[in-house]
There are 2 protein chains.
Amino acid sequence: MTSELIWAPLFQRLKTTTGADDLDLQALAALPFTLRNFRENQTVLRDGEQPSECCLIADGFCVRSKTIADGRRQILSIHIPGDLPNLQNLHFATVDHDLIALSDCTLAFIARKALNELIRERPGVGDMFWRDTLVDAAVSREWIVNVGQRSTYNRLAHLIVELRERLRLIGRVIDDTFAIPLTQEQFGEAMGVTSVHTNRILRELRVDGVLELQRGTVRILNEHKLQELAQFDGRYLHLSPTT
Amino acid sequence: MTSELIWAPLFQRLKTTTGADDLDLQALAALPFTLRNFRENQTVLRDGEQPSECCLIADGFCVRSKTIADGRRQILSIHIPGDLPNLQNLHFATVDHDLIALSDCTLAFIARKALNELIRERPGVGDMFWRDTLVDAAVSREWIVNVGQRSTYNRLAHLIVELRERLRLIGRVIDDTFAIPLTQEQFGEAMGVTSVHTNRILRELRVDGVLELQRGTVRILNEHKLQELAQFDGRYLHLSPTT
DNA sequence: GTGCTTTCCTAACATTTGTTGTATTCCAGC
DNA sequence: GCTGGAATACAACAAATGTTAGGAAAGCAC
């Protein structure tokens with residue numbers, strides 16, 4: 001995988017959302033990194049670990065998750081190419097959740113130290129990344145709303161629309177069929193329900209002609225109905241530099 | 001209210017959690033601000049608004065919340081003195097949720113522009129604030145776990161233990177009786193359940209001798225049981241500069 | 001004090017969601 | 001092609017939570 005391909009989705013996202021400075025991006029791309037591949041279900045970062053690197057998803061899907069004492073697991077966020085899922089570690093020594101590869105993945109690991117030095121040198125890079133962590137936080141807040149208030153039926157619609165929006169940003173669209181490589185159990189863990197219930201809701205959505213999901217491939221059957229269910233208002237993604 | 005009192009809770013928190021530099025704090029305290037008082041239930045920031053200031057809670061409690069199309073409301077976080085609930089607006093023009101005063105409140109408003117200039121001048125201030133927004137994000141992630149996976153009974157215990165921990169940080173402890181000025185309906189909105197169900201759970205907790213809540217005052221009856229229910233692991237609060 | 005409003009409290013019933021258990025389908029590896 | 005494990009599907013029943021309705025207590029304005 002060429003260096004250019006590795007940075008492409010991140011740069012594409014940063015350019016449209018933050019109006020990134022080309023010199024800042026060049027400086028970023030000049031940083032040394034290590035590529036590592038992960039297989040499906042492999043743990044990238046473990047809760048409690050103290051990583052000396054931040055990672056960039058070059059290819060594949062990952063999730064953040066937390067497991068509580070009784071064994072239940074909650075998926076906290078879904079990450080796609082171009083995401084930097086542990087930028088927190090620029091400021092925290094420890095990760096406070098797991099990061100797990102959903103599919104076979106390629107990640108680029110960049111030393112925290114090198115990143116922090118670059119940020120001191122070029123504050124614009126720091127601004128981009130700080131902003132990026134703020135969008136991440138805004139996505140988490142919307143996730144709370146989704147789990148706390150929306151019916152499971154609407155919740156799944158919202159989750160899918162959000163992800164499609166983010167995939168679109170990195171140019172992975174997507175007619176009405178696209179990949180979200182979660183099992184039904186994992187969709188359940190993302191929504192705070194069991195896999196049995198997820199299966200029920202998926203059947204309803206299928207019967208109602210809204211969407212189909214099989215083996216991690218979503219197919220939108222009725223865009224209008226989907227929008228109506230999701231009630232998606234993407235402002236929280238802060239897609240334009242001026243919002 | 002003297003300037004010293006206004007900054008005190010924030011500085012106390014920053015000193016223990018980030019090992020803040022005294023010069024950075026002095027520079028902060030030298031910034032001009034405007035004090036404004038809010039009454040219970042008054043909106044401080046409205047979803048969609050474009051504030052030119054960031055605010056510091058000098059006294060009182062606030063919540064972030066979002067209201068979805070069908071009128072349901074989700075409380076996203078609870079804020080106490082020393083919190084800066086809209087630091088996002090250092091990088092975003094728009095707020096993507098409401099900020100509402102739970103009790104009578106005093107807030108200090110500081111111009112975004114002045115803050116951003118200070119951050120350029122003293123990167124240490126930027127680091128403190130960036131870190132602060134990252135803790136905020138970590139709290140949101142734990143909130144997702146709470147709403148998504150814990151039983152309502154355990155969920156309420158966790159919420160109360162977390163808040164007590166944060167209150168302790170700013171020296172508002174607190175024997176086994178302390179104030180959390182939410183109505184039962186608001187506790188419900190924080191947990192993603194109805195006020196009726198909140199009332200049921202509170203009764204259970206009372207009958208089981210765990211805790212009592214009346215008119216926004218919590219009284220812990222059995223600390224041991226409370227801990228057992230909450231399964232609280234405070235690592236996500238990143239209370240020490242080295243975590 | 002009296003009345004008014006909000007919060008709290010409870011019950012009865014409806015709906016959603018979890019649990020358990022068992023088929024069935026799919027797919028990777030042989 | 002066969003085979004074993006994972007993922008999906010679905011049903012019956014149990015438990016959690018929502019809805020609706022109403023009464024009791026607390027706090028506030030006059």
Side-chain angles (χ1 to χ4, degrees), chain A residues 39-42 61 63 68 70-75 100-104 146-157 179-208 211-219 229, chain B residues 39-42 61 63 68 70-75 100-104 146-157 179-208 211-219 229:
Chain A
R39 276 159 313 162
E40 191 179 327
N41 285 323
Q42 199 176 346
F61 283 65
V63 291
I68 62 177
D70 66 0
R72 287 163 182 270
R73 197 168 79 127
Q74 175 68 40
I75 289 180
I100 294 169
L102 273 183
S103 59
D104 291 349
N146 213 23
V147 174
Q149 298 300 336
R150 282 190 258 264
S151 71
T152 314
Y153 193 72
N154 294 16
R155 196 181 306 171
L156 187 48
I180 306 185
L182 305 215
T183 64
Q184 292 187 2
E185 174 155 33
Q186 290 165 335
F187 270 107
E189 289 171 338
M191 295 193 294
V193 300
T194 60
S195 61
V196 175
H197 194 55
T198 303
N199 184 279
R200 273 197 278 253
I201 297 300
L202 278 169
R203 178 177 32 172
E204 278 186 62
L205 286 165
R206 194 187 327 125
V207 169
D208 295 350
L211 59 85
E212 269 178 348
L213 189 150
Q214 33 190 331
R215 306 263 146 190
T217 298
V218 180
R219 214 180 114 203
L229 294 175
Chain B
R39 276 157 314 160
E40 190 181 327
N41 286 322
Q42 199 177 344
F61 283 66
V63 291
I68 61 176
D70 66 0
R72 287 164 181 272
R73 198 168 77 128
Q74 175 68 41
I75 289 179
I100 294 170
L102 272 182
S103 57
D104 291 350
N146 213 24
V147 174
Q149 298 300 337
R150 281 191 259 265
S151 72
T152 315
Y153 193 70
N154 295 16
R155 194 182 306 171
L156 187 48
I180 306 185
L182 306 216
T183 64
Q184 292 188 0
E185 174 154 33
Q186 289 165 335
F187 270 106
E189 288 171 338
M191 296 194 294
V193 299
T194 60
S195 60
V196 174
H197 195 54
T198 304
N199 184 280
R200 272 196 280 253
I201 297 300
L202 279 170
R203 180 177 32 173
E204 277 186 62
L205 286 165
R206 193 187 328 124
V207 168
D208 296 349
L211 60 83
E212 270 177 348
L213 190 150
Q214 34 190 330
R215 306 264 142 191
T217 298
V218 180
R219 214 180 113 202
L229 294 175

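Note that this is a predicted model, so its numbers are computed, not measured. Note on naming: letters A, B, ... go to the chains in the order of the sequence lines (proteins, then strands), and numbering restarts at 1 for each one.
- Neither OP1 nor OP2 of C/dT16 sits under 4.0 Å from any side-chain N or O of A/R150.
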Name the pairs: protein N/O against N/O of nucleotides 20-27 of chain C, kept only if under 3.5 Å.
none

Between the protein and nucleotides 28-30 of chain D, which nitrogen or oxygen pairs are less than 3.5 angstrom apart?
none

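- Within the 4.0 angstrom heavy-atom criterion, only backbone atoms of the sugar-phosphate kind lie near A/G192; the bases stay farther away.
- Of the possible donor and acceptor atoms, none in the side chain of A/E185 sits under 3.5 Å from a partner among the backbone N and O of A/T194.
- The shortest distance between side-chain heavy atoms of A/F187 and A/I201 does not fall below 4.5 Å.
- Closest to the A/T183 side chain, of the nucleotides D/dT8, D/dG18, C/dC9, is D/dT8.
- Using modelled atom types, one side-chain atom of B/D104 and one backbone atom of B/E40 make a donor-acceptor pair closer than 3.5 Å.
- In this structure the side chain of A/E204 never reaches within 4.5 angstrom of the side chain of A/L156, judged on heavy atoms.
- Within the model, atoms CG of A/N146 and CG of A/N154 stand 9.0 Å from one another, a figure rounded to the nearest 0.5 Å.
- Considering only side-chain N and O atoms, B/Q184 lies under 4.0 angstrom from the phosphate OP1 or OP2 of C/dC9.
- For B/R200, the side-chain atoms get nearest to D/dT17 when compared with the rest of D/dT17, C/dG18, C/dC9.
- A side-chain donor-acceptor contact under 3.5 Å links A/Q74 to the backbone of A/A190.
- In terms of heavy-atom proximity, B/S103 sits nearest to B/F61 at OG-N, 3.1 Å.
- Closest to the side chain of B/R203, out of C/dA11, C/dT17, C/dT7, is C/dA11.
- One can place CD of B/E185 at 14 Å from C1' of D/dT19, the figure rounded to the nearest angstrom.
- At the phosphate of D/dA7, neither OP1 nor OP2 sits under 4.0 Å from any side-chain N or O atom of A/S195.
- Between B/N41 and A/T152, the one whose closest nucleotide on DNA chain C sits nearer the 5' end is B/N41.
- Distance check, rounded to the nearest 0.5 Å: CD of B/Q186 to OG1 of B/T198 gives 11.0 Å.
- Looking only at distances, no side-chain donor or acceptor of A/R219 sits under 3.5 Å from a matching main-chain atom of A/E212.
- Residue contacts shown for A/S151 are absent, as no nucleic acid heavy atom lies under 4.0 Å away.
- Atom pair A/H197:NE2 and D/dC13:P shows a separation of 20 Å (rounding to whole Å applied).
- Taking every side-chain heavy atom of B/N199 into account, C/dC9 is the closest of D/dA9, D/dT19, C/dC9.
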